[in-house]
Protein chains: 2
Amino acid sequence: MSSINTKKKESSEVNLNEDPRGRILSAAGREFAEKGFEAATIRDICTLASVNVAAVNYYFGDKHRLYIESVRHAHEERSRQFPLPVWADGTLPTEKLRGFVGNMLERMLGFDKPPWQVQLMLREVLHPTDACRELVEDYIRPHFSVLCKILHELTDGNSTPAELRRIGLSIGGQCFLYRAAGDVVGMLIPPNEIKEMHNSVDLADHITAYCLAALGKHAPLSVEAS
Amino acid sequence: MSSINTKKKESSEVNLNEDPRGRILSAAGREFAEKGFEAATIRDICTLASVNVAAVNYYFGDKHRLYIESVRHAHEERSRQFPLPVWADGTLPTEKLRGFVGNMLERMLGFDKPPWQVQLMLREVLHPTDACRELVEDYIRPHFSVLCKILHELTDGNSTPAELRRIGLSIGGQCFLYRAAGDVVGMLIPPNEIKEMHNSVDLADHITAYCLAALGKHAPLSVEAS
DNA sequence: CTGGAAATGAAACAAGCGTTTGAAACGGTT
DNA sequence: AACCGTTTCAAACGCTTGTTTCATTTCCAG
């Protein structure tokens with residue numbers, strides 16, 4: 001008769017009813033996301049997951065393969081939480097664009113809950129390792145293709161695929177900035193302005209309007225008295 | 001107290017005529033930029049700088065203070081290499097904008113020589129540490145202010161400072177994407193398209209045209225047959 | 001030339017890392 | 001009960017890390 005875990009550790013709570021393997025993946029994702037591959041330690045991950053240090057090598061072989069699996073786990077989970085947007089037939093391209101940008105911002109900035117999955121994926125984008133190619137093909141490229149398709153509709157076929165891709169990158173780059181360099185943006189912009197304007201709704205409005213105005217589908221952002 | 005050492009020793013591959021302190025700073029900058037703070041090792045840095053491991057602690061105290069000094073050294077050097085652009089009186093705002101964006105891309109992407117300084121600064125932007133605040137105040141904010149001032153001229157005072165800042169971020173975000181996520185961009189875009197269009201001239205043209213079109217200062221990027 | 005501070009270097013330090021071990025505990029089957 | 005493959009655990013291994021030690025060399029003023 002041994003008391004297994006009558007005592008609770010001070011860990012910020014993981015589902016103890018989940019598989020040890022799943023617990024490790026979740027804990028590893030959080031740690032890798034927060035500290036990066038080198039700085040995250042197997043010991044910390046195992047403490048967080050309430051398993052022995054040997055469990056990582058038992059289930060995953062070594063730290064590197066655990067990392068690869070963590071990235072895969074992260075973008076699979078994120079794909080389930082935020083599936084690719086679809087629209088009813090006849091939806092205006094402008095509405096689609098607005099919806100796509102809003103969805104992208106929600107997905108990246110995650111105002112509802114702290115998205116460690118995105119943070120981990122972001123690390124792969126910024127400093128690619130072996131896990132990057134799969135991430136791009138399974139997660140990023142599908143989203144990028146949808147965006148380009150919307151832009152194709154929007155420009156009535158007046159733009160080449162290369163131009164569409166470049167405009168798509170312009171849109172993605174803006175969302176990307178707020179996610180990847182959010183801290184610095186917060187230092188550059190007055191705090192009250194952050195609170196007022198830097199939410200997913202207003203940012204999506206701005207980015208969409210900026211694009212539509214550039215494409216001549218909308219009034220310019222700033223009209224001069226002419 | 002500080003008598004400059006003027007003697008020269010046998011040759012190596014690094015600048016051996018420089019101060020040991022300077023050699024360490026340069027080597028540390030490269031290593032920190034390439035591998036990050038945790039993964040870079042004092043031993044590697046010292047080997048690269050052709051000094052003993054004890055030298056780091058002798059000149060800088062510890063690894064953390066060496067890192068702080070490296071970041072400072074990087075953005076000071078970069079400021080000297082790429083000073084803030086100035087224009088003759090009467091230069092059109094549109095020309096200024098095009099010049100600023102081109103300068104920014106050259107500075108960030110550095111097509112001439114591998115800019116480890118920028119890579120190190122980028123790491124601070126993405127994962128801020130103690131060195132970030134100084135970097136923002138001394139390097140990033142001045143550039144951002146210049147950009148906002150150009151946009152102010154461009155819109156003839158028809159936009160609020162908050163709007164100007166947001167447009168400025170839209171421009172910066174696009175440049176930022178190519179620098180920070182260049183590898184993923186390279187996976188999303190066909191290789192020949194990269195070679196043809198993704199250079200500092202064509203990118204600057206696109207980003208500038210995109211902005212000017214959005215502000216109604218220029219023909220839309222895509223004109224539909226109406 | 002010479003004394004003493006500044007700078008350098010080889011070796012060692014304690015601590016932490018990823019990983020391995022071998023035995024104990026578990027869970028289902030006969 | 002006894003068996004056996006699977007899973008867990010505490011302890012230790014070998015290695016690398018940042019840092020320190022202390023003897024030696026270098027430098028320049030006296």
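All values below were derived from every heavy atom in this structure, side-chain atoms included, with hydrogens, water molecules and symmetry-related copies excluded.
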Show the numbers, then the answer: is there a salt bridge (charged side-chain N to carboxylate O under 4.0 Å, His left out) between B/Glu69 and B/Arg72? CA-CA 5 Å; B/Glu69 288 293 322; B/Arg72 193 200 317 274; 3.3 Å; yes

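Minimum atom distance to the side chain of B/Ala54 is reached by D/dT21, of the listed D/dA11, D/dT21, D/dT7. Taking only side-chain atoms of A/Val53, from C-beta outward, the nucleotide of D/dT8, D/dA11, C/dT8 with the closest atom is D/dA11.
Between the CD atom of B/Glu38 and the P atom of D/dG18 there is a distance of 10 Å, given to the nearest Å. Separating the CG atom of A/Leu66 from the C1' atom of C/dG18 is a distance of 12 Å, rounded to the nearest angstrom. B/Glu31 places its CD atom 11 Å from the P atom of D/dG18, with the value rounded to the nearest Å. To the nearest angstrom, P of D/dT17 lies 6 Å from CZ of B/Arg43. Nucleotide C/dG9 holds its C1' atom 13 Å from the CD1 atom of B/Ile24, rounded to whole Å. Whole-Å rounding puts the B/His64 NE2 to D/dT19 P distance at 11 Å. Between the P atom of D/dT19 and the CD1 atom of B/Ile45 lies a distance of 11 Å, rounded to the nearest Å. Across the protein-nucleic acid pair, A/Ile42 atom CD1 and D/dG14 atom P stand 19 Å apart, rounded to whole Å.
In this structure, B/Tyr210 has its ring center under 6.0 Å from that of A/Tyr210.
No hydrogens or angles were tested; on distance alone, a donor-acceptor pair under 3.5 Å links the side chain of B/Asn52 to the base of C/dA10.
For the OP1/OP2 pair of C/dT8 and a distance below 4.0 Å, the side-chain nitrogens and oxygens of B/Tyr59 include at least one atom meeting the criterion. Distances shorter than 4.0 Å separate none of the side-chain N or O atoms of A/Asn57 from OP1 or OP2 on C/dG18.
Residues A/Ser170 and B/His206 bring a donor and an acceptor atom of their side chains to less than 3.5 Å of each other.
Residue B/Ala39 is out of contact with every strand shown, counting any heavy-atom pair closer than 4.0 Å.
Judged by distance alone, with hydrogens and angles left aside, the side-chain atoms of B/Arg30 form no donor-acceptor pair with the main-chain N or O of B/Trp116 at under 3.5 Å.
Take the nearest nucleotide of DNA chain D for B/Asp44 and for B/Gly61: the residue whose nucleotide is more 5' is B/Asp44.
For B/Glu77 and B/Arg80, the salt-bridge test fails: no basic side-chain N is under 4.0 Å from an acidic carboxylate O.
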